Amino acid sequence: MTIVPPQGLRIHGESGKPPRGRSLRATKSFAPGSRIATFSNPLLALPDAAHTRSTCNWCLRPGVEKGSPLPPPQNQAFTSPTAAPTTLSACTGCRCAVYCSKACQMAAWRAGAHKLECPALRRASSRGSGGGGPGAGAGAGGADRSGVVLPTPVRAALLLLLRLAAGDEAVRAAVGDGVLSGGRRAGASDRTGVDVMLEGNVAGFARDEAVWKDLGMQAVAAATYAGMEGLAERAEGIRELLCMIQTNTFDRSDPDTDTGGIFLDPVLAMANHSCVPNAFVCFSGRTAILRAETQIHEGDEIEISYVDNTLSKRERQEALRLYHFQCTCPRCVDDLDVYQVCQSSPLVPLNSFSLQPDLIRLSDPPIDRSLCRPVSVASKRSSGLVASPLERARSQWGDCESLIRAKMFAVEPVPSVLQDLLNFYHLEKQDFARALSLACFLATESHPYAHVAPFKPWRVKGVMLVASLLSQTAPLAVTGELAAACTHRDLVAALSRCDQVSMCEALLRLVVHYGPMAHSDDWEVLRSARELLEDIESLQGRERQSGLLRAWAADPKNEVGRTFFERAVLRPIRELASFALDIASAELGPGHGAVART
Ligand SMILES: C[S@@+](CC[C@H](N)C(=O)[O-])C[C@H]1O[C@@H](n2cnc3c(N)ncnc32)[C@H](O)[C@@H]1O
């Protein structure tokens, strides 16, 4: 079995060799936003336990299981407005895995080893019904009448174990033979010339007693369901396998498109981490796409960020603990904030076609660090225990105040708190005008500094959200219903003065331009934008505005098009954004609930 890295990439270095083991290197240059490589034959691509019944277990498309009640309405900004939910049917053998078509079921049976997994899942259902089987406490999962849903790492280990025992060479190259025997793992490089044996950081995991114990329970569960129980050494080998899974598996969750799952490819797993990465990974079904974030030259190491790299140093280091290394990237060494990273980024000029085309402002932001005190508990993660987005936002508002005084709107937790409040207005209260004001603020004052490349998925999604909210407020403004739906009189008045349709069209043109670089041509967000743009283009009487916006999109320096964009799009977006902080302070600050009415 020869593992060949995709064209444009090679694996460099030796496993376990300080300071960072092997790495991925570019064998040619890549421009920002370009596709470096596609990985479409992964070792593992599975829904996580929470999504096992709401995702096709082969193509990973979200859907609804036959006979289940429809889920609550999705965030319409990110899903195609005309798309009907995909129907999923359960495998009649295990009653656990669900598929969107016979073709997917067949593919999973043959290529995805469901043939091996199905009897093991049946075994798990019969032992674990009631949720009490081995490993049931090791993560999400549990049993119901439809068959057991195993915790994600247990199912991943089970599948790899079964494939290994069946002589699967790709699995053997990645995890070695020792997993089955408990002995030292045999190197794959002896046979293939390319060492893709996955790093497990076993000693690092073993240092944490609680984690080690949990991995041990998961190993016993996987061995039991695989029918391999009994050998203590084997459970040790499987615990090592679980360490490899933890270290190398990507989380492909995206709450905006309702996807959740894991992905493992032994070549992509060779990419090391940096908090100022030059590449990023996105997922489309069973495929991972590696894209250049900055200009990459031949010979450069490809570095991705394993964690949300807009977080503070302390939070990034906390999130990186799972990987057992100390990050020495320039951002960590000098403890740079997102504004400092942005100021020195070579990507700033790309923003001339964006919602923040003022390049001087990006390079020299109008912030005052002296007004900012250290944030005490800023953590998106630790606040996850708080019940609702609104409560979470309220609990963190205190940490935002000094950052807001310093005008550092791109530093966490400000963007997360405003996003939570936006979601509250959008999805719970359906106050689209207030949600729109917050979305305009984030898209102009936070996202461009935190994600300098305008093709970064988070930026594109932020623009799409503004467009989608405008598509909801525009008809309400025409019928006069906006004032009834939103009590903020000045905001409603400002919105009524705007040419909302032109604003929406301009934003959709940005999404359609950057979407393929952010992700792929069949990205849900892009599909949604194209549909909406088609609807707008078919509207009568807008030929002049559409012509000007087309000219601006074709050449952002075009004088006439640019002037129209600035007057009809940018200026109103800034005006709508100007209400955002008052809205937030009225809703989240002391005496909250006294929502501004003027
Ligand atoms: C997904 S693997 C990456 C490939 C790995 N270097 C190898 O040889 O298998 C993740 C592991 O690589 C190492 N690693 C990744 N980024 C690193 C960095 N910036 N500095 C030091 N070690 C790093 C850590 O051991 C981490 O747990």
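The shown structure was predicted, so the numbers you read here are calculated from the model rather than taken from an experiment. Numbering starts at 1 and runs along the sequence shown. All ligand and atom numbering here is 1-based and tracks the order in the structure.
For residues 15-34, the pairs satisfying salt bridge (charged side-chain N to carboxylate O under 4.0 Å, His left out) are Arg20-Glu301, Arg20-Glu303, Arg22-Asp195, with sequence neighbours left out.
Under 4.0 Å from any atom of ligand 1, one finds heavy atoms of residues Pro19, Arg20, Gly21, Arg22, Glu199, Asn201, Thr247, Asn248, Ala269, Met270, Ala271, Asn272, His273, Tyr306, Tyr323, Phe325.
For Lys461 and Glu524, the salt-bridge test fails: no basic side-chain N is under 4.0 Å from an acidic carboxylate O. Under 4.0 Å is where a charged nitrogen must lie from a carboxylate oxygen, and between Arg172 and Asp177 at least one such pair does.
Side chains of Arg155 and Asn57: a donor on one and an acceptor on the other come within 3.5 Å.
The closest side-chain heavy-atom distance from Thr152 to Leu46 is not below 4.5 Å.
The only member of Ser23, Pro5, Pro266 that meets side chain to side chain contact (heavy atoms under 4.5 Å, CB included) when paired with Ile11 is Pro5.
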